[in-house]
Protein chains: 2
Amino acid sequence: MILTGRFEPGDRIPAERVLAVELGVSRSRLREAIKQLSLLGMLVSRQGGGTYVTSMDEVQPLRTALAPLAPLTAGKAGYWRDIMELRKSLDADAAAFAAERADMADKARIKAACDACSSAFLSESVDMDAAPTRLPLAKLDARFHMSIARASHNVVLYQIMTGLEGLLESSISDSLDTLYRLPDVPRELDLQHRRIFDAILAGRGDEARAAAISHLVFVEDQLAAIEAASARQRRSTQAFDHLKTMQEARP
Amino acid sequence: MILTGRFEPGDRIPAERVLAVELGVSRSRLREAIKQLSLLGMLVSRQGGGTYVTSMDEVQPLRTALAPLAPLTAGKAGYWRDIMELRKSLDADAAAFAAERADMADKARIKAACDACSSAFLSESVDMDAAPTRLPLAKLDARFHMSIARASHNVVLYQIMTGLEGLLESSISDSLDTLYRLPDVPRELDLQHRRIFDAILAGRGDEARAAAISHLVFVEDQLAAIEAASARQRRSTQAFDHLKTMQEARP
DNA sequence: CTGTTTATATTGGTATGACCATTTATGCAT
DNA sequence: ATGCATAAATGGTCATACCAATATAAACAG
């Protein structure tokens with residue numbers, strides 16, 4: 001029905017009880033179908049409010065479809081390395097395409113996201129936990145990259161990068177939080193962001209690509225260092241526990 | 001429960017009526033949850049048989065999750081161009097990583113897929129519709145690229161490429177079928193495949209990357225030509241119909 | 001007449017019980 | 001032990017009722 005145009009994005013579909021009799025099925029069966037479409041992000045239900053057709057422009061099937069799978073990857077070491085490995089290519093493409101195709105609205109969005117990152121990154125050092133309304137730094141950073149992906153005018157690329165972002169976040173949210181609290185890292189990240197943004201603004205695709213790659217390499221290295229440190233910490237703790245157990249066992 | 005290891009891949013989970021009381025929810029609610037996990041490919045139900053946990057090794061969440069969404073992309077022109085644009089990067093990465101990391105089993109799989117393509121491509125010209133058991137050429141071609149993706153040892157890359165393959169197929173299956181029936185195209189495709197395979201076998205990453213890119217560019221060009229031709233055909237047919245209508249209207 | 005508050009109706013979320021179709025297990029006769 | 005018919009188990013569907021959140025309509029105060 002959505003495909004045939006009976007329901008436009010944003011429309012509210014008939015109530016379950018109504019649609020069920022219209023389709024000649026029970027409400028249970030209809031609900032199971034709606035659940036599936038909701039999982040794909042095509043429908044969204046609000047209790048008491050109704051069920052609405054998602055705007056296809058902003059449907060993010062990858063993200064929504066992958067979300068329930070995230071726990072599977074939480075534990076896996078190396079999973080985030082796979083993601084970052086891909087992002088080096090995808091972000092590079094996105095930056096290059098954005099440099100070639102971004103219109104004024106795109107550039108404005110990128111600038112806004114970049115500025116938001118700057119102010120957050122640079123003010124973080126002075127007033128630590130200031131406004132609770134402010135988004136987490138990781139979210140702002142992700143938003144900047146997503147604005148570039150959107151400016152690439154490649155919907156598949158945009159959706160995949162959105163999905164990967166969600167996966168990465170659920171995979172190593174702790175390390176991501178740590179990343180922005182390292183000394184001098186926010187300043188460096190902001191510099192790299194500006195370099196990418198300037199290249200896109202100037203329409204220099206190759207330069208944007210190179211800047212994106214070096215940015216991702218930097219982030220990857222930092223994350224690797226954080227992971228290694230936390231692993232070292234774990235081993236140390238375990239060793240200490242072991243030692244304590246031995247001492248207690250010998251009173 | 002799957003994550004905590006209570007249910008191993010291949011196990012049969014308790015009956016709905018049993019599991020529902022164990023979890024303290026109604027059977028309807030449990031069924032909706034099972035439907036979602038089934039959509040993700042983690043569970044598979046057989047009426048009368050039971051519900052089983054899918055082997056996580058071969059779970060292809062993207063493909064299964066995106067399948068219902070495919071019709072949305074069928075009509076959109078330019079959608080396949082977005083996909084191909086990405087594949088140029090992803091296939092290049094996959095080939096390069098495969099050249100660096102493929103073990104003997106990987107190489108054997110790639111060789112098998114490549115040989116299957118060769119025999120199918122080259123025999124097609126002599127005996128058209130020979131064995132009905134033989135897979136469509138597009139499937140064989142896709143399998144070759146997937147074997148490379150798997151050899152990259154990057155599970156995220158593998159899943160994304162699998163998903164994109166399914167999307168591309170459902171997006172322009174007609175044009176894909178036409179592609180392998182063009183004169184001299186199968187021979188050229190096979191040559192390019194062999195070039196990629198040889199580079200991977202020899203462990204030359206850069207060469208594999210370059211071969212993959214030029215291969216994708218070739219395919220993209222051919223598909224563009226096919227699409228353009230079919231569009232021309234459509235316009236011509238419409239014009240003819242219009243003409244006929246005018247003539248019939250003036251008896 | 002207007003804006004606010006309250007009451008009612010609508011709607012999604014859940015629970016329960018029943019029945020059907022298919023598969024699997026059981027038991028009987030050979 | 002084997003083969004077949006019957007019974008049990010299991011997923012698929014339907015119908016009904018009730019709960020919770022929301023939206024709409026009615027009532028009310030200004």
Side-chain angles (χ1 to χ4, degrees), chain A residues 1-61 63-71, chain B residues 1-56 58-61 63-72:
Chain A
M1 289 169 143
I2 297 177
L3 293 178
T4 57
R6 169 169 169 185
F7 299 136
E8 295 287 322
D11 283 359
R12 189 175 75 176
I13 71 176
E16 292 181 352
R17 293 165 179 80
V18 179
L19 196 55
V21 301
E22 179 181 333
L23 295 177
V25 298
S26 73
R27 199 184 150 203
S28 324
R29 183 75 189 86
L30 177 65
R31 275 185 59 78
E32 289 183 357
I34 290 179
K35 258 282 161 59
Q36 298 191 46
L37 291 181
S38 300
L39 192 70
L40 292 176
M42 298 181 64
L43 294 177
V44 54
S45 300
R46 291 200 322 256
Q47 184 174 204
T51 302
Y52 293 80
V53 179
T54 310
S55 301
M56 291 313 292
D57 303 335
E58 50 196 65
V59 65
Q60 298 173 0
R63 169 148 208 165
T64 49
L66 258 51
L69 231 37
Chain B
M1 289 168 137
I2 296 177
L3 294 178
T4 56
R6 168 168 170 186
F7 299 137
E8 294 289 321
D11 283 359
R12 189 176 76 179
I13 70 176
E16 293 180 350
R17 293 166 178 81
V18 179
L19 195 54
V21 301
E22 179 181 331
L23 295 177
V25 298
S26 73
R27 199 184 150 202
S28 328
R29 184 73 187 87
L30 176 65
R31 275 185 58 77
E32 290 182 357
I34 290 180
K35 260 280 161 60
Q36 298 191 46
L37 291 182
S38 300
L39 192 70
L40 291 177
M42 298 181 66
L43 294 178
V44 54
S45 299
R46 291 199 324 255
Q47 183 174 202
T51 302
Y52 294 80
V53 178
T54 311
S55 300
M56 291 313 290
E58 48 196 66
V59 66
Q60 297 176 358
R63 169 146 210 167
T64 49
L66 258 51
L69 224 44
L72 287 175

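Just so we're on the same page: letters track the sequence lines, and every chain starts at 1. Note: hydrogens, waters and symmetry copies are ignored here, and every other heavy atom, side chains too, is used.
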Margin query: Can you measure B:Arg17 atom CZ to D:dA9 atom C1' for me and round it to whole angstrom units?
Written below: 8 Å
Margin query: Rounded at 0.5 Å granularity, tell me how far CG in B:Leu23 sits from CG in B:Leu30.
Written below: 6.0 Å
Check: How many Å lie between CG on A:Leu23 and P on D:dA15, as a whole number?
Finding: 13 Å
Next item on the list: Between B:Gly24 and A:Ser45, just flag the one whose closest nucleotide in DNA chain C comes earlier from the 5' side.
Entry: A:Ser45
Item checked: Distance-minimising heavy-atom pair for B:Arg6 and B:Asp11 -> O-OD2, 4.3 Å
Dump every N/O contact between nucleotides 23-25 of chain C and the protein below 3.5 Å, one line per pair.
from, atom 1, to, atom 2, distance (Å)
C:dT24, OP1, B:Arg46, NH2, 2.9

Next item on the list: Please evaluate the base of C:dG13 for a donor-acceptor partner in the side chain of A:Arg27 within a cut-off of under 3.5 Å?
Entry: yes
Check: Counting just side-chain N and O atoms, does A:Arg29 come under 4.0 Å of either OP1 or OP2 of D:dG12?
Finding: no
Next item on the list: For B:Ser45 and B:Ile34, work out which heavy atoms get closest and say how close.
Entry: OG-CG2, 4.0 Å
Notebook entry, point to check: In whole angstroms, how far is the P atom of C:dG13 from the CD1 atom of A:Ile34?
Noted result: 8 Å
Item checked: Cationic N near anionic O, under 4.0 Å, B:Arg27 to A:Glu32 -> no
Notebook entry, point to check: When you measure from the side chain of A:Arg31 to the backbone N and O of B:Arg29, does any donor-acceptor pair fall under 3.5 Å?
Noted result: no
Next item on the list: Measure the distance from CG on A:Leu30 to P on C:dG13 and round it to the nearest whole Å.
Entry: 11 Å
Next item on the list: Indicate yes or no: does A:Lys35 engage A:Glu16 in a salt bridge with an N to O separation below 4.0 Å.
Entry: no
Next item on the list: Please figure out whether B:Ser28 or B:Glu16 has its closest DNA chain D nucleotide nearer the 5' end.
Entry: B:Glu16
Next item on the list: To the nearest Å, give me how far apart NZ (B:Lys35) and P (C:dG13) are.
Entry: 16 Å
Check: So what is the end-to-end bend of the helix from C:dC1-D:dG30 to C:dT30-D:dA1, with 5 pairs used at each end and the value given to 10 degrees?
Finding: 10°
Checklist line | d(CG, A:Leu43; C1', C:dG13) in whole Å | finding: 16 Å
Note to self: Looking at every heavy atom in both B:Phe7 and B:Pro14, which two are closest together, and how far apart are they?
What the structure shows: CZ-CD, 3.4 Å
Margin query: Between B:Val53 and B:Met1, does the side chain to side chain contact (heavy atoms under 4.5 Å, CB included) criterion hold? Intermediate values first, please.
Written below: CA-CA 11 Å; B:Val53 178; B:Met1 289 168 137; over 6 Å; no
Next item on the list: Rounded to the nearest 0.5 Å, what's the gap from OH on A:Tyr52 to CG on A:Leu43? Could you check?
Entry: 12.5 Å
Next item on the list: Mind calculating the distance between CD (A:Glu32) and C1' (D:dG11) to the nearest angstrom?
Entry: 10 Å
Notebook entry, point to check: Think A:Thr51 has a side-chain N or O under 4.0 angstrom from the OP1 or OP2 of C:dG12?
Noted result: yes
Margin query: I need the CZ-C1' distance between A:Arg31 and C:dT14, as an integer number of Å.
Written below: 8 Å
